[in-house]
Amino acid sequence: MKKILCSILTLLFLFSLVGCSQEKAAETDMPLTDIVAAVTESQSELPALKQITSKDQNFDIWISDYYSLQKENVEDGVICYADGVEASEIAVLALSDEEDCRAAEKALTEYIQDRAGAFEGYAPQQAAMVKDGIIVENGRYMAFLICPEPSAAKSAFLGCFEKNPNLMMPRLFCRHGNQEMIQICQS
């Protein structure tokens, strides 16, 4: 009898572990334009930004030529960027799935390096801001944040998912100078 009871309890325990490991992907009811608005509003000193969405003709050029992402992996997105000697850039993307985020992290990290190099000689403050840029992933959503206050931008982005009961732990990919790290956020 003890063996049967022990076997039943073991099976119940195993089933409870399987149930806990099946987290649902992070989703939000907010349109990406509203998420970008929340991020930009988190910045106290942000220059005027031009905005393009996935409906705009130039969006695919930004995705493939600048960010080096596969267009078919990006379902939706909003990109805001400054002109001239301003490096500020905020992008929120909805990718096809979470695996696409891994490839996007790598491509956007290379973009940060190239972008910082473009400002290095003539706008050192802008180059420093680019180097402090962060990439935040939450499920299949990704934010690319080059702005004066990246931690406030990250909090604003993640705050757009807080009302979702199925919120997963977001991954934060940070690049500071020559050091790279991936950490689980406890925002």
In this structure, SG of Cys160 is separated from CG of Asn138 (nearest 0.5 Å) by 10.0 Å

Inset, instruction - Return yes when atom CD of Glu110 has more than 12 non-hydrogen atoms of other residues, nucleotides or ligands closer than 6.0 Å, and no otherwise. - result: yes

- Query: Is the centre of the Phe161 ring less than 6.0 Å from the centre of the Tyr141 ring?
  - Reply: yes

What one should report as the nearest heavy-atom pair of Ile134 and Pro150 is CD1-O, 3.5 Å

Taken to the nearest 0.5 Å, the spacing of Ile35 CD1 from Thr40 OG1 works out to 12.0 Å

The reported gap from OG1 in Thr33 to NZ in Lys55 (rounded to nearest 0.5 angstrom) is 8.0 Å

*asked:* Is any side-chain heavy atom of Ile90 closer than 4.5 Å to one of Phe144?
replied: no

*Indicate yes or no: at least one non-hydrogen side-chain atom of Val136 is less than 4.5 angstrom from one of Leu145.*
yes

### Thr53 backbone acceptor or donor facing Asp56 side chain under 3.5 Å
yes

Tightest non-hydrogen contact, residues Met142 and Leu95, listed as CB-CD1, 3.9 Å

task: Evaluate the side-chain proximity of Asn73 to Ile63: yes if any heavy-atom separation is below 4.5 Å, no if none is.
output: no

> Is there a donor-acceptor contact under 3.5 Å from the side chain of Asp97 to the main chain of Glu99?
Replying inline: yes

So CD1 of Ile135 and CD1 of Ile146: to nearest 0.5 Å the spacing works out to 8.5 Å

Report task. Step through the shown structure and confirm whether more than 12 heavy atoms of other residues, nucleotides or ligands are within 6.0 Å of CG on Asp65. Result -> yes

When every non-hydrogen atom of Phe59 is compared with those of Asp76, the smallest separation belongs to CZ-C, 4.4 Å

Exercise. Using 4.0 Å as the upper bound for N to carboxylate O, is an ion pair formed by Arg140 and Asp100?
Worked result: no

Exercise for the section: Using only heavy-atom distances, determine whether the side chains of Glu89 and Tyr66 contain a donor-acceptor pair under 3.5 Å. Expected result: no

Item to complete: Check whether more than 12 heavy atoms from other residues, nucleotides or ligands sit under 6.0 Å from atom CD of Glu45, and answer yes or no.
Response: no

> Checking side chain to side chain contact (heavy atoms under 4.5 Å, CB included) for the pair Leu69/Leu93: CA distance, chi angles, key distance, verdict?
Replying inline: CA-CA 11 Å; Leu69 301 175; Leu93 306 173; 3.8 Å; yes

On a heavy-atom basis, the closest approach of Val74 and Ser96 is N-OG, 4.3 Å

Point to revise | Heavy-atom check, side chain of Pro148 versus side chain of Leu46, under 4.5 Å | key: yes

Does the Glu137 side chain pair with the main chain of Cys101, one donor and one acceptor, at a distance under 3.5 Å? no

Looking only at heavy atoms, the pair that brings Gln51 and Cys80 closest together is OE1-SG, 3.6 Å

Note: Glu120-Lys131 ion pair, threshold 4.0 Å (strictly below): yes

Tightest non-hydrogen contact, residues Lys71 and Ser64, listed as CG-CB, 4.1 Å

Kindly indicate whether the side chain of Asp83, heavy atoms from C-beta on, has any atom under 4.5 Å from the side chain of Tyr81.
yes

* To do: Please confirm whether the backbone N or O of Ala156 pairs with a side-chain atom of Ser42, one donor and one acceptor, at under 3.5 Å?
  => no

